[in-house]
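We use all heavy atoms of the structure for the numbers below, so side chains are in, but hydrogens, waters and symmetry mates are not. A quick note: this is a predicted structure, and the numbers were derived from the prediction, not measured. Proteins get letters first, then strands, A, B, ... in listed order; numbering begins at 1 in each.
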Number of protein chains: 2
Amino acid sequence: MEKRRDVFQAIADPTRREILSLIAKKPLNLNSIAENFDMSRPAVSQHIKVLDESGLVVMRKKGRQRFCYIRPQKMKDVDQWLQQFRQLWEDRFDQLDQVLTNLKDQDDEE
Amino acid sequence: MEKRRDVFQAIADPTRREILSLIAKKPLNLNSIAENFDMSRPAVSQHIKVLDESGLVVMRKKGRQRFCYIRPQKMKDVDQWLQQFRQLWEDRFDQLDQVLTNLKDQDDEE
DNA sequence: TCTTTATGTAAGTATTTGATTACATAAATA
DNA sequence: TATTTATGTAATCAAATACTTACATAAAGA
């Protein structure tokens, strides 16, 4: 039985996000993915395992290779979570922006 | 100087995502946020600190209270990262879906 | 069959995370 | 001024994370 993983936890790691970007362009086998990173193959393999367990990718055996495919449907889950905030950033003149404008006087970052 | 945090790492934790959902509806002070969770106030405070450092929220002092506001612009960063995958889930009949359909025979999950 | 290639897996480890409790401080109120 | 309220901070700790190296296995090709 496969362990279930949280999608948000899966995309938290920058290496895993890079892997997703890579295979979004073209499905790749494990070694080809590992070549793109400055870390050991087992390390990359573990990242892919996390992605697999989260449902963000699926693996498919092809001879002695295992190819990694992105699962767009699961990526959509993240998009749907964002839905609740979308209105906020589309409303340019909401209260929060005013608050942030006022804050510029007492806060100097960014 | 404030430590910079990764937005994706910030939303990785379910408690922090809940906090964001809460204050998206209405800005709240720290204690009011903590009331919604079954954990100690300092624990919630640390979560909010992470959100603050990631830029997803801003704090504003009001008397002895500190209110927590969502920063929609930063939420948009996540949305923009998703952009690269959007085409994939909008194309219903791409190669990946065919692969997934074939996979149903050798894989029994979900 | 022997070798190479692609991958799996196990053991070990440093660091980070997510929580706790205890105590400190600063603003509002009696 | 004394107390309450809202919050900050420090010390501690267990568990999870993100790696490493070493070895095992399974499929393809010489």
Once you round it to whole Å, what is the distance between [atom2] of [N] and [atom1] of [X]?
X       : N      : atom1 : atom2 : value
B:Gln65 : C:dA28 : CD    : C1'   : 10 Å
B:Lys61 : D:dT7  : NZ    : P     : 11 Å
A:Arg64 : C:dA6  : CZ    : C1'   : 7 Å
A:Met59 : C:dT7  : CE    : P     : 8 Å
A:Lys49 : C:dA10 : NZ    : C1'   : 11 Å

Exercise for the section: Tell me, please, which residues at least two apart from A:Asp79 pass salt bridge (charged side-chain N to carboxylate O under 4.0 Å, His left out). Expected result: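 Once residues adjacent in sequence are excluded, the partners of A:Asp79 under the salt bridge (charged side-chain N to carboxylate O under 4.0 Å, His left out) criterion are A:Arg86, B:Arg86.
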
Problem - For B:Arg17, all residues meeting salt bridge (charged side-chain N to carboxylate O under 4.0 Å, His left out), sequence neighbours excluded - result: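 Testing B:Arg17 for salt bridge (charged side-chain N to carboxylate O under 4.0 Å, His left out), a comparison that skips the adjacent residues, returns A:Asp6.
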
Practice task
Any chance you could list the contact pattern along nucleotides 17-24 of chain D? Use B for base contacts, S for sugar-phosphate-only contacts and - for none, protein heavy atoms under 4.0 Å, 5' to 3'.
Solution key: SSBBBB--

Practice task
Go through residues 28-35 of chain A and report each residue with a non-hydrogen atom lying under 4.0 Å from DNA chain C, sorted by number.
Solution key: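 Contacts with DNA chain C under 4.0 Å: A:Asn29, A:Leu30, A:Asn31.
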
Show every donor-acceptor pair shorter than 3.5 Å between a side-chain atom in residues 34-45 of chain B and any protein atom, with sequence neighbours excluded, or say none if there are none.
residue: B:Asn36; atom: ND2; partner: B:Ser32; partner atom: O; Å: 2.8
residue: B:Asn36; atom: ND2; partner: B:Ile33; partner atom: O; Å: 3.4
residue: B:Ser40; atom: OG; partner: B:Ala43; partner atom: N; Å: 3.3

Handout entry: B:Ser54 and B:Gln9 side chains, donor-acceptor separation under 3.5 Å
Key =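 Checked: B:Gln9/B:Ser54 side chains show no N/O donor-acceptor pair below 3.5 Å.
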
Handout entry: For A:Phe67, all residues meeting ring-ring contact (aromatic ring centres under 6.0 Å, His included), sequence neighbours excluded
Key =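 Result, ring-ring contact (aromatic ring centres under 6.0 Å, His included) vs A:Phe67: none returned.
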
Problem - Ionic contact status for B:Lys49 with B:Asp52, cut-off 4.0 Å - result: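 No, B:Asp52 and B:Lys49 are not salt-bridged.
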
